[in-house]
Amino acid sequence: MLIEELTRTLEQFIRESPQNYVGEETALEPTDAGNRLFDAPLVKVGDAHDPMWTEMKHPKAVGPLFRTPEEWLPGAVSVVSYFAPFSDFVVEGNKKDPTAVGNGWLYARVEGQAFLNDVNHFLERWLQDRGYRAFSPYSSPDFQSVFEAGTNPDIADKRLSFTSNWSERHVAYVCGLGTFSLSKGLITERGVSGRFGSVITDASLPVTQRPYTGLYDYCSMCGACVRRCPAAAITLEHGKSHHRCSRYCSLMRMKYAPRFGCGKCQVGVPCERGIPRTDTTPKRQ
Ligand code: SF4
Ligand code: SF4
């Protein structure tokens, strides 16, 4: 079947691409060279006409900037969403020093994200070669995001902040990959440490039945990420403050330029590599 072939091909592409490994010329330390950034991906499929896409336009979801699959690709039928888990090199390296970002995490956030753009384009080409239309919003020139209100000169509405016209985490939620967490990551069956990508297509693929109904079903609300955050940006009462987090990440940008990152809330926590136990803790609504 097409989706099984696509998944196998994607796994092979990620495993064999040189961009998925730290290069000698870019390594911050010689021993980093050759280490892998991403493990094998998880792949799920959403229905391009799922009513939940329109719900993403709500200000409490992604916001009015969000475009549905049909708005990106008229005639869209399916959305392929994947989670690329960070390797042990990336995750373990970010646990060692609570005051410093691990080298692996820095590579994964910058070179790794550039690689995932290539992965998205690879998926587009793979589907197009089989006669389908395919489009990756995040990796297109039309992708738009607003970091803090007023920071995007192309978007006139100064009330918008921390929003975008395509959010990979929200897309992953709709496609059945996982649920949100207190730290505002997305917890998948392989945990929260990793990155997401997606492609919209007119290929008819078997839709994944979401194994959850609540936004936070997979988060145990254990509070470990609250204690890990160096910026005090997460609380059990209010979740994550994007403003506090982004202020801290701006400092990390200055410290590690041209790379950046933090991710302390995604390592050394029960949801790092899987779904934590949630049967004894109350759900957040
Ligand atoms: S560390 Fe605990 S509270 Fe924080 S996101 Fe993970 S499961 Fe949820
Ligand atoms: S990325 Fe860093 S600053 Fe932001 S919430 Fe996570 S631990 Fe806190």
Side-chain angles (χ1 to χ4, degrees), residues 37 42 83-86 90-110 112-113 116 145-148 151 161-164 167-170 172-173 177-196 211-285:
L37 300 178
L42 267 179
F83 174 65
F86 289 144
V90 173
V91 171
E92 297 304 318
N94 202 27
K95 287 183 197 170
K96 288 179 186 157
D97 181 348
T99 64
V101 183
N103 287 354
W105 200 272
L106 296 171
Y107 305 130
R109 290 295 279 113
V110 178
Q113 186 57 55
L116 292 189
S145 63
V146 185
F147 195 42
E148 295 267 17
T151 52
S161 72
F162 300 103
T163 187
S164 59
S167 163
E168 297 292 10
R169 283 174 312 126
H170 290 79
Y173 178 86
L177 266 172
T179 82
F180 290 92
S181 67
L182 186 71
S183 59
K184 291 292 181 283
L186 197 90
I187 303 175
T188 73
E189 60 196 68
R190 299 226 193 114
V192 74
S193 286
R195 302 289 292 171
F196 296 87
Y212 42 79
T213 51
L215 284 176
Y216 293 91
D217 279 6
Y218 290 172
C219 178
S220 65
M221 297 292 156
C222 65
C225 54
V226 175
R227 297 184 288 277
R228 294 277 302 164
C229 177
I234 311 171
T235 62
L236 273 172
E237 297 74 29
H238 304 295
K240 181 168 114 173
S241 158
H242 286 298
H243 293 281
R244 273 179 181 263
C245 174
S246 78
R247 269 201 300 275
Y248 184 80
C249 290
S250 299
L251 294 177
M252 296 301 102
R253 270 179 202 273
M254 287 191 260
K255 182 174 177 184
Y256 295 104
R259 297 186 178 90
F260 62 92
C262 170
K264 298 298 182 188
C265 54
Q266 297 188 359
V267 299
V269 290
C271 57
E272 173 193 290
R273 287 299 199 194
I275 300 169
R277 282 173 58 89
T278 56
D279 49 344
T280 56
T281 44
K283 297 276 194 310
R284 184 187 171 90
Q285 295 304 316

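Every number for a ligand or one of its atoms is a count from 1 in the order of the listing.
Under 4.0 angstrom from ligand 2, there are no non-hydrogen atoms of Lys184.
Taking distances strictly below 2.8 Å, the protein N/O/S atoms close to atom 4 (Fe) of ligand 1 are Cys225 SG.
Heavy-atom proximity to Pro276, at under 4.0 Å, picks out these atoms of ligand 1: 7 (S). Below 4.0 Å from some heavy atom of Lys240 lie the following atoms of ligand 2, by number and element: 5 (S). Heavy-atom contacts of Tyr248 reach the following atoms of ligand 2: 3 (S) (cutoff under 4.0 Å).
Nearest heavy-atom pair across Ile187 and Gly274 is CG2-O, 3.8 Å. When every heavy atom of Cys262 is checked against every heavy atom of Tyr248, the shortest pair comes out as SG-CE2, 3.8 Å.
Contact check on Arg228 versus Glu272 returns no salt bridge, with no Lys/Arg side-chain nitrogen under 4.0 Å from an Asp/Glu carboxylate oxygen.
Between atom CZ of residue Arg244 and atom CD1 of residue Ile234 there is a gap of 11.5 Å, rounded to the nearest 0.5 Å.
Using a non-hydrogen distance threshold of 4.0 Å, Pro230 registers as a contact of ligand 2.
Residues that satisfy the side chain to side chain donor-acceptor pair (under 3.5 Å) test with Arg195, not counting sequence neighbours, are Gln113. Partners of Thr179 under the side chain to side chain donor-acceptor pair (under 3.5 Å) rule, at least two apart in sequence or in another chain, do not exist in this structure. Scanning for side chain to side chain donor-acceptor pair (under 3.5 Å) contacts around Ser181 gives Ser183, with sequence neighbours left out.
Paired with Val101 under the rule side chain to side chain contact (heavy atoms under 4.5 Å, CB included), one option of Arg109, Met252, Arg259 passes, and it is Met252.
Distance alone, capped at 3.5 Å, places no donor-acceptor pair between the Asn94 side chain and the Val90 backbone.
Aromatic ring centres of Phe180 and Tyr218 lie farther apart than the 6.0 Å criterion allows.
Counting protein heavy atoms only, atom 4 (Fe) of ligand 2 is closest to Cys245 SG, 2.4 Å. The nearest protein atom to atom 8 (Fe) of ligand 2, hydrogens excluded, is given as Cys229 SG, 2.3 Å; this is a heavy-atom distance. Atom 2 (Fe) of ligand 2 has as its closest protein heavy atom Cys262 SG, 2.2 Å.
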